[in-house]
Amino acid sequence: MRLVQLPYTYNPIKRSTVEWAGLNRRSLIADNQLSDCSNLSTKQSPLISPRPSRAVSYTLTSGTALFPALKLCWVDGTDFLYDNVDKGNVTAGSKSMVDFNGKVVIFPDKVAYDYVADSFAAFGAGVYPVAGSVPDIDYACELDNRIWGVKGDNIYCNALGDYDDWTSFLNPDGSVNDAGAWSVDTGTNGDFTGIVSYKGANIAFKRDCVWKRFGNVPSDFQFVEISRLGCTNNKSICEVNNILFWLSPQGIVAYTGGVPEVISEDLNDNYVSGVAGGDGRRYYISLYNGSTYALYVYDTWKNAWLQEDNLHAIEMAYFDGSLYALASDNKIYEFGSGTEKVSWYATTKDYTEQANNKKVHSELSFRVDLETGSTLSIYVKEDNGVFRLVKTYATTNLTSFNVAIKPKRCDHFAVKMVGSGEGIIHEMTRKFYAVSEY
């Protein structure tokens with residue numbers, strides 16, 4: 001007698017993500033990390049949300065430098081502008097500026113704008129180190145009432161409080177003038193790529209090493225090498241939340257006074273230059289990998305990376321509670337300002353569900369909050385196929401919804417969430433069946 005075979009009933013398996021982490025472009029990532037993203041922010045972390053709007057504050061003709069003093073200032077072509085008012089002429093090109101005792105001191109031009117007296121003038125005469133001369137300086141910073149600068153293999157500082165005195169090394173009796181200027185040739189390979197003030201000390205950089213200043217007066221000043229994780233360019237150096245960041249040939253480095261460490265492994269790329277800024281919590285850096293630019297953000301509270309867009313920044317500056325960026329399109333953008341409707345997306349990992357069996361995903365569940373006029377589209381991809389749209393949703397309230405998926409047997413599965421406008425993704429649940437090993 002032949003018996004009828006009853007169908008086998010599969011019990012669905014559910015897995016949820018309720019706390020989203022940052023971007024990780026490596027092969028092996030956690031279920032709550034993103035394999036790709038655009039225009040996201042950690043403002044609602046651990047939830048997914050778009051970055052704040054940006055607004056154009058000023059439009060320039062040929063912008064090359066941006067700097068925060070008592071007012072925001074910049075260089076447009078050969079004009080130096082302070083609070084959008086032309087104050088004097090400089091040479092065209094990138095600048096290093098220092099706010100020093102009521103003056104914006106500009107290198108390599110050796111000019112200064114006194115914003116107290118509203119005057120603009122050159123300083124220094126003759127070839128350094130003759131009396132009254134000023135050394136050529138590529139990068140400068142301020143600390144302990146002195147300007148510190150680097151050029152080639154040399155480090156310099158001016159006399160106490162005197163921005164145009166760089167040659168008063170000795171007292172009349174031949175002893176070291178501890179209130180005077182100072183310089184040193186380190187006698188090491190390569191040129192300095194930057195210098196910064198950090199936690200009461202100067203940190204100077206070459207491409208393959210980092211130097212820290214010790215001593216309080218010229219008679220005992222010395223720079224000591226503290227790391228081989230050097231810096232590629234000065235504009236990548238920025239202090240955020242008491243952490244000093246810079247771009248090294250090995251990646252983005254974080255330093256708090258101990259051993260510097262690379263923190264950009266999750267970006268999974270090599271970068272040749274970067275322009276950075278910070279808002280007190282986040283380190284923003286416009287990175288160039290040799291072919292494209294991308295703006296990445298590292299949240300020091302969450303230790304997580306996200307990508308915003310492909311902004312090519314020339315210079316960034318934090319001023320009056322806002323981060324500004326001078327971009328390659330000659331516009332100065334204020335972050336967190338304006339009414340821009342941001343388009344964004346977040347792509348999950350390829351979920352294998354930690355099972356070797358073939359799987360059939362039948363449903364996705366989301367808990368989202370969209371503002372009026374915002375949309376969220378859900379795309380899915382099985383194995384190595386392409387993403388296909390399965391649902392577009394719009395709502396004005398915190399709500400849950402299910403996305404039914406046409407069953408398809410696969411080994412792995414990914415989700416892409418594409419949004420326009422303000423919204424928050426709170427949670428995503430996947431429902432699937434393990435059906436066979438083949």
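Put simply, the residue from Gln33, Glu265, Lys349 that forms a side chain to side chain donor-acceptor pair (under 3.5 Å) with Asn24 is Gln33. A side-chain contact (heavy atoms from CB on, under 4.5 Å) with Lys95 is found for exactly one of Val111, Val75, Val104, namely Val75.
Between Thr429 and Ser365, the side chains place no donor N or O within less than 3.5 Å of an acceptor N or O (distance only, hydrogens not considered). Counted by atom type alone, Asp153 and Thr186 present one or more donor-acceptor pairs between their side chains at under 3.5 Å. Under the 3.5 Å distance criterion, with hydrogens and angles disregarded, no donor-acceptor pair is assigned to the side chains of Asn158 and Asp165. A donor-acceptor contact closer than 3.5 angstrom links the side chains of Asn89 and Asp79.
For the pair Leu81 and Cys73, the minimum side-chain heavy-atom distance is 4.5 Å or more. Using a 4.5 Å heavy-atom threshold, the side chains of Tyr283 and Leu244 count as separate. Inter-residue side-chain proximity for Val150 and Phe205 is flagged as unmet; no heavy-atom pair is nearer than 4.5 Å. At a threshold of 4.5 Å between non-hydrogen side-chain atoms, the residues Tyr58 and Asn330 do not count as touching. For the pair Trp74/Asn84, a side-chain contact is recorded, criterion being any heavy-atom separation below 4.5 Å from C-beta on. In this structure, the side chains of Leu376 and Trp344 come closer than 4.5 Å at one or more pairs of heavy atoms. Proximity of Asp118 to Tyr82: side-chain heavy atoms (C-beta onward) are nowhere separated by under 4.5 Å. Within the 4.5 Å cutoff, side-chain heavy atoms of Glu427 are placed close to those of Ser16.
Rounding to the nearest 0.5 angstrom, the gap separating the CG atom in Asn145 from the CZ atom in Phe100 is 4.5 Å. The CD atom of Glu334 lies 9.5 Å from the OG atom of Ser53; values are rounded to the nearest 0.5 Å. Atom CG in Asn202 sits 9.5 Å away from atom CD in Glu142 (nearest 0.5 Å). The CG atom of Leu60 lies 10.5 Å from the CD1 atom of Ile314; values are rounded to the nearest 0.5 Å. Atom OG in Ser219 sits 10.0 Å away from atom CG in Asn177 (nearest 0.5 Å). Taking OG of Ser248 as the start and CG of Asp208 as the end, the distance is 11.0 Å to the nearest 0.5 Å.
Closest non-hydrogen pair, Gly124 versus Val134, comes out as CA-CG2, 3.6 Å. Residues Ile147 and Ala140 approach most closely at CG2-CB, 4.1 Å, considering heavy atoms. Pairing each heavy atom of Gly423 with each of Pro50, the nearest pair is O-CD, 3.1 Å. Scanning both residues, Asp99 and Ala69, for their nearest heavy atoms gives OD2-CA, 3.7 Å. Of all heavy-atom pairs between Phe120 and Val90, the closest is CZ-CG1, 4.1 Å.
In terms of modelled atom types and a separation under 3.5 Å, the side chain of Ser41 and the main chain of Arg51 share no donor-acceptor contact. Side-chain atoms of Ser35 come within 3.5 Å of backbone atoms of Thr348 as a donor-acceptor pair (strictly under, hydrogens ignored).
Residues Asp299 and Arg281 are paired through a salt bridge, judged by an N-O separation under 4.0 Å between the basic side chain and the carboxylate. Remark: Arg25 does not engage Asp266 in a salt bridge, criterion side-chain N to carboxylate O under 4.0 Å. Lys151 has a carboxylate O that lies under 4.0 Å from a charged side-chain N of Asp138, or vice versa, which qualifies the two as a salt bridge. No salt bridge links Glu239 with Lys199; every basic N to acidic carboxylate O contact stays at or beyond 4.0 Å. A salt bridge is absent between Glu225 and Lys212: the closest approach of a Lys/Arg side-chain nitrogen to an acidic carboxylate oxygen does not fall below 4.0 angstrom. Note on Glu422 versus Lys43: salt bridge recorded, some NZ/NE/NH1/NH2 to OD/OE distance being below 4.0 Å. Using a 4.0 Å cut-off between charged side-chain N and carboxylate O, Asp220 and Arg213 make no salt bridge. Between Lys206 and Asp191, none of the side-chain N atoms (NZ, or NE/NH1/NH2) sits under 4.0 Å from a carboxylate O, so this pair counts as no salt bridge. Between Glu308 and Arg54, at least one side-chain N (NZ, or NE/NH1/NH2) sits under 4.0 Å from a carboxylate O, which counts as a salt bridge. With respect to the salt-bridge test (charged N to carboxylate O, under 4.0 angstrom), the residues Lys110 and Asp136 qualify.
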Notebook entry, point to check: Please walk me through it: do Tyr324 and Phe335 pass ring-ring contact (aromatic ring centres under 6.0 Å, His included)?
Noted result: CA-CA 6 Å; Tyr324 291 82; Phe335 287 40; 8.6 Å; no
Item checked: Step-by-step side-chain contact (heavy atoms from CB on, under 4.5 Å) determination, Arg282 to Thr300 -> CA-CA 6 Å; Arg282 301 169 187 86; Thr300 62; over 6 Å; no
Note to self: Could you walk me through whether Trp305 and Thr42 satisfy the side-chain contact (heavy atoms from CB on, under 4.5 Å) test, starting with their C-alpha distance in whole Å, then the side-chain angles of each, then the deciding distance to 0.1 Å, before giving a yes or no?
What the structure shows: CA-CA 9 Å; Trp305 286 99; Thr42 57; over 6 Å; no
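The environment of CG in Asp185 is crowded: more than 12 heavy-atom neighbours from other residues, nucleotides or ligands sit within 6.0 Å.
Proximity of the aromatic rings of Tyr128 and Tyr156 is defined here by a centroid distance below 6.0 angstrom, and this criterion is met. Checked against a 6.0 Å centroid threshold, the rings of Phe245 and Tyr298 count as neighbours. Taking the centre of each ring, Tyr284 and Tyr296 stay at or above the 6.0 Å mark. Aromatic pair Phe221/Trp148: centroids less than 6.0 angstrom apart.
At least one cation-pi condition fails for Lys381 and Phe413: the charged atom is not both under 6.0 angstrom from the six-membered ring centre and inside a 45 degree cone around its axis. Figure legend: cation-pi geometry between Arg430 and Tyr351, with NZ or CZ positioned under 6.0 Å from the six-membered ring centre and within 45° of its axis.
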